[in-house]
2 protein chains.
Amino acid sequence: MTRSAQSPEPTAARRGRPPKGAFRLSREAIVEATLEVIDADGVAAVSMRAVGRVLGVDAKSLYNYVDGKDGLLDAVAEALLGGIDLPAPTGDLGNDLRRIALAFRTQALAHPEAAALVLTRQLSSFEGLAPVEAVLRILSEAGFDPAESVHLLRTFVAAVVGALLREVSAGPTYGATNPELVAERVRVLRGSGLANVTAAAEELARFDGQAEYRYAIDFAIETVLARVSS
Amino acid sequence: MTRSAQSPEPTAARRGRPPKGAFRLSREAIVEATLEVIDADGVAAVSMRAVGRVLGVDAKSLYNYVDGKDGLLDAVAEALLGGIDLPAPTGDLGNDLRRIALAFRTQALAHPEAAALVLTRQLSSFEGLAPVEAVLRILSEAGFDPAESVHLLRTFVAAVVGALLREVSAGPTYGATNPELVAERVRVLRGSGLANVTAAAEELARFDGQAEYRYAIDFAIETVLARVSS
DNA sequence: ACCTGAACACCGTTCAAGT
DNA sequence: ACCTGAACACCGTTCAAGT
């Protein structure tokens, strides 16, 4: 719905190389424009044409900077990953893991609609490796060998991603933000006829993203700590 | 690429209610056809027109059974979830959780390309609640109160979903199946200039989905078991 | 009750032509 | 070097018209 045309001039119909001094396209500008579209209308609303519209440029021009729509979405995921503010390690294993996990969540929730992209896409780029390096370093300094470190890294990342994915895909449906929706949800759950679902309906209907996330992280960290000695 | 036209007769151009005895459309048939498209060409290839083509029917006819494309994908996710073969509980907490998690993985991997759908979509339907009930029952019988059960359920599901998501989205890129790709990946990782990534390159490049999944489950179960007494 | 023709407003992408 | 016109082969969806 929201449409922000931000071309510096009313871009007259024109062909060929743009006059110098004119707005210059760039990978960064394109990623930013895509995030604008995503924040406003969700990932499903992303199209080459829609992004071009935001920039006041023909959709086809994007192909000079980005490898098609798929490449565009990859670029967005990478930009978000690269933007994670990794905390300096303190030497305290549990705390350091927790702080990385929280930084990850902060970045993911900065663009909730885009978060699933980061969580779902294959992150093999250099940008995606920085958080990996950070976790491996912490584990290695805690005395884990590479093989065990990788296992723990993967398990830790899976827990974090799973928790975040639920949080962003559940969206604002859950949450104490809307007690009316929670009540409605309780009713639905009670009507399921499933004994244990009914018994836990109140707890199932309520959902505090941050608290739930901390619980999941602490759960994982607890087990990592239990293995330090072994 | 693969196209399986499975209309019983060469469907002459026709209008209005179909002659009786002719192929009847149904929600199940549509879901099945959609899975065919997904298995062959991935979720991105799903379109109302493509699914209609498989059934030898106009795309618009699908609207009589399914609420647009989004509703179609929901229906697929629900069908997959409902198809999970939940094992009967034995009373052994750890084993019961493990068996549910393995059944979940089996179902998800039956249609690897569709798995992300199940993992990502909001699963609030009755069909989606059966696994929830199963886990809650196991936890409740192990002595956890509803609040703690829900926390553990969510953490457990997050771990399982995160692990599976990586497995299906990593796809056959990793895995000992293709040692050549693994070697290439090792080279890329070593060239990253990141100390700990380089040191663990071999372990990072190798990936055995089943083993990794078991590791993640056992990790989660271990912590659940540690809390039984408390 | 269930299906389709016509129609609309969109897509992604290629490629040659422009400056 | 970078942009667009023209063009192609697609989309999802509505709605009225058919049987």
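Chain letters run A, B, ... following the sequence lines, proteins first and then strands; every chain starts at 1. From a predicted model like this one, the values you see are computed outputs, not experimental measurements.
Between A:Y65 and D:dA1 there is no side-chain N or O to OP1 or OP2 distance below 4.0 Å. Between B:R49 and C:dT4, a side-chain N or O to OP1/OP2 separation shorter than 4.0 Å is absent. Close to C:dT13, at under 4.0 Å from its OP1 or OP2, lies a side-chain N or O of A:Y63. Applying the 4.0 Å criterion to OP1 and OP2 of C:dC11, one finds that A:S47 has a side-chain N or O inside that range. Contact check, B:N64 against C:dA1: no side-chain N or O comes under 4.0 Å of OP1 or OP2.
B:D70 places its CG atom 8 Å from the P atom of D:dT13, with the value rounded to the nearest Å. B:R53 has its CZ atom 14 Å from the P atom of C:dT4, to the nearest Å. A:M48 places its CE atom 18 Å from the P atom of C:dC10, with the value rounded to the nearest Å. Between the CG atom of B:L62 and the P atom of D:dT13 there is a distance of 11 Å, given to the nearest Å. Between B:L25 atom CG and C:dT4 atom P there is a gap of 8 Å when expressed in whole angstrom units. Atom pair B:L73:CG and D:dG12:C1' shows a separation of 12 Å (rounding to whole Å applied). Taking atom CG on B:D58 and atom P on D:dA17, their separation rounds to 18 Å, with Å as the unit.
Contact check on A:E133 versus A:R137 returns no salt bridge, with no Lys/Arg side-chain nitrogen under 4.0 Å from an Asp/Glu carboxylate oxygen.
Between C:dC3, D:dT14, C:dT14, one nucleotide has an atom nearer to the side chain of A:K60 than all others, and that is C:dT14. Considering only side-chain atoms of B:K69, the nucleotide from D:dG12, D:dA7, C:dC2 that sits closest is D:dG12. When the nucleotides D:dT4, D:dC3, D:dC11 are ranked by their closest atom to the side chain of A:V57, D:dT4 comes out on top.
Side-chain atoms of A:Y213 never come within 3.5 Å of backbone atoms of A:E167 as a donor-acceptor pair (strictly under, hydrogens ignored).
Partners of B:Y65 according to the side chain to side chain contact (heavy atoms under 4.5 Å, CB included) rule, which considers only residues two or more places apart in sequence or in another chain, are B:R24, B:L25, B:I30. Every residue was checked against the side chain to side chain donor-acceptor pair (under 3.5 Å) condition with A:R99, not counting sequence neighbours, and none meets it. Applying the salt bridge (Lys or Arg N to Asp or Glu O under 4.0 Å) test to B:E212 and every residue at least two apart in sequence or in another chain returns A:R154. Looking at residues two or more places apart in sequence or on another chain, you find a ring pair (Phe, Tyr, Trp, His ring centres under 6.0 Å) between A:H151 and B:Y215. Listed by chain and number, the residues in a salt bridge (Lys or Arg N to Asp or Glu O under 4.0 Å) with B:R187 are B:E184 (sequence neighbours excluded).
Nearer to the 5' terminus of DNA chain C, by closest-nucleotide assignment, is the contact made by B:A59 (compared with the other of B:A59 and A:D67).
Taking a pair as Watson-Crick or G-U wobble with both distances under 3.5 Å, DNA chain D forms stems of 3 or more consecutive pairs at C:4-8 with D:12-16, C:12-16 with D:4-8.
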